[in-house]
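Quick notes on the structure that follows.
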Amino acid sequence: MDELAKLRRAARFVQRRIAISPKIGVVLGSGLSDALGRLEGEQRLGWERIPHFPRSTVAGHAGEWAFGFLEKRPVLISRGRVHFYEGYSMSEIVFPIRVMKLLGVERVILTNAAGAINREFSVGDFVLIRDHINLIPDNPLRGENLGELGVRFPNLLDAYSARLRAIAKEAAGGLGLELREGVYIATPGPMYETPAEIEAYRRWGADVVGMSTVPEVIAARHCGLEVLAISVVTNMAAGVGSDRLTHEEVLEITKRRESDLAKLLRAIITKM
Ligand code: HPA
């Protein structure tokens, strides 16, 4: 079965089971999957049930989709994502984003946990991603172009919507929440970076570093979705702070920032 047929089959499966048709999709990243709590009228679909969705490589499930209302707007919330370092192919990583497109989603908000390269940033900061640098040695558009979704050579000039960034800043301002802005650099992981790498990335203009999001942004822009992306700074990147980096620390900080992130996302969604 070709990729487009798989995508359509997955979308049909979801449409038959879900009562609403959301225009906004939200991907909640590492440690952030509970941030928005339960939606009004929530309906859930575990990824293991949806045809062709990435299968978890470990016990438990890779993720779930929740459909329902947030601030009276129909939304699709993706709790969790899969990563390149887990061994997934690029088509698997972006499969859910493309199915969102087929379901009629027009705008996506992507969230992630990231390390701060910019010394002016602090642990716990929210960072609006303005642009990216991709170091993951593959991308979802390599190979035959899915012409029904987008063009062979898409632009990434305006990958991170200026319109949505302005909305996010306004929303943060209204809540009295500080919202930084910066460039995200995506590494393949799973190891954290070396101090020399982080120093090099800083010279390239990167402000935060993480192991996700960029493949999803590329696929989303290819198929014409408007993108907003927000990082939660969970640690100072290698060599910037003095600490050894641990995944536990990342999860602890995301837990601590979950409720403010939820407020921010709700305020943004109201204005989208
Ligand atoms: N590096 C890469 N990915 C990350 C980090 C980091 O320091 N923190 C959270 N995700």
Side-chain angles (χ1 to χ4, degrees), residues 26-35 57-58 62-63 78-88 90 93-94 109-140 160 178-218 227-262 264-265:
V26 182
V27 176
L28 297 173
S30 288
L32 299 167
S33 49
D34 298 328
T57 50
V58 290
S78 183
R79 299 196 177 112
R81 57 155 61 88
V82 295
H83 303 84
F84 184 73
Y85 62 75
E86 294 175 86
Y88 292 99
M90 281 291 148
I93 291 168
V94 304
I109 305 179
L110 308 173
T111 65
N112 61 49
I117 296 173
N118 187 324
R119 293 194 178 90
E120 290 175 12
F121 291 1
S122 309
V123 170
D125 279 355
F126 296 137
V127 183
L128 200 50
I129 301 178
R130 166 166 36 91
D131 205 343
H132 75 229
I133 299 171
N134 186 20
L135 289 184
I136 302 178
D138 197 357
N139 79 74
Y160 299 85
E178 188 168 16
L179 184 58
R180 311 269 199 175
E181 194 172 74
V183 172
Y184 178 94
I185 188 163
T187 69
M191 61 289 176
Y192 292 113
E193 300 69 34
T194 66
E197 284 167 340
I198 293 299
E199 179 59 31
Y201 302 163
R202 179 184 300 111
R203 293 184 202 189
W204 286 353
D207 297 290
V208 286
V209 56
M211 305 172 191
S212 69
T213 308
V214 164
E216 292 149 86
V217 172
I218 293 171
V227 172
L228 180 74
I230 298 173
S231 290
V232 179
V233 173
T234 53
N235 57 277
M236 300 311 284
V240 180
S242 50
D243 292 352
R244 295 187 70 77
L245 310 180
T246 65
H247 187 56
E248 287 65 37
E249 173 192 13
V250 169
L251 295 181
E252 187 196 317
I253 301 299
T254 50
K255 281 293 143 224
R256 219 187 287 162
R257 297 300 285 142
E258 232 175 32
S259 73
D260 275 345
L261 182 69
L264 180 59
L265 292 177

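All residue numbers refer to positions in the sequence shown, counting from 1. Since this is a predicted model, take the numbers as computed values, not measurements. Every heavy atom of this structure was used, including side-chain atoms; hydrogens, water molecules and symmetry mates were not. Start at 1 and go down the list; that is how both ligands and their atoms are numbered.
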### Query
Are Y184 and S212 close enough that some pair of their side-chain heavy atoms sits under 4.5 Å apart?
yes

Exercise. Is it true that T187 lies under 4.0 Å from ligand 1, counting heavy atoms only?
Worked result: no

Indicate yes or no: at least one non-hydrogen side-chain atom of F126 is less than 4.5 angstrom from one of V232.
-> yes

min-distance protein heavy atom vs atom 6 (C) of ligand 1 -> Y192 CD2, 3.6 Å

If you scan protein heavy atoms around atom 1 (N) of ligand 1, the nearest is E193 OE1, 2.8 Å

_What I'd like to find out is whether the side chain of N112 reaches to under 4.5 Å of the side chain of R81, using heavy atoms alone._
yes

So the atoms of ligand 1 within less than 4.0 Å of a heavy atom of A113 turn out to be 9 (C), 10 (N)

Please check: side-chain N/O of T111 versus main-chain N/O of G29, any donor-acceptor pairing under 3.5 Å? yes

Ranking L245, T254, T234 by closest non-hydrogen atom to atom 9 (C) of ligand 1, top hit is T234

Of all protein heavy atoms, the one nearest atom 7 (O) of ligand 1 is N235 ND2, 2.9 Å

shortest atom 5 (C) of ligand 1-to-protein heavy-atom contact is with G115 N, 3.5 Å

Any side-chain heavy atom of L264 within less than 4.5 Å of one from D260?
no

The answer for which part of A114 has a heavy atom under 4.0 Å from ligand 1 is backbone

shortest atom 3 (N) of ligand 1-to-protein heavy-atom contact is with G210 CA, 3.4 Å

Does the side chain of I109 come within less than 4.5 Å of L265's, by heavy atoms? yes

> So, do K255 and E258 sit near enough that their side-chain heavy atoms are less than 4.5 Å apart?
Replying inline: yes

In this structure, atom 4 (C) of ligand 1 is nearest to the protein heavy atom V209 O, 3.7 Å

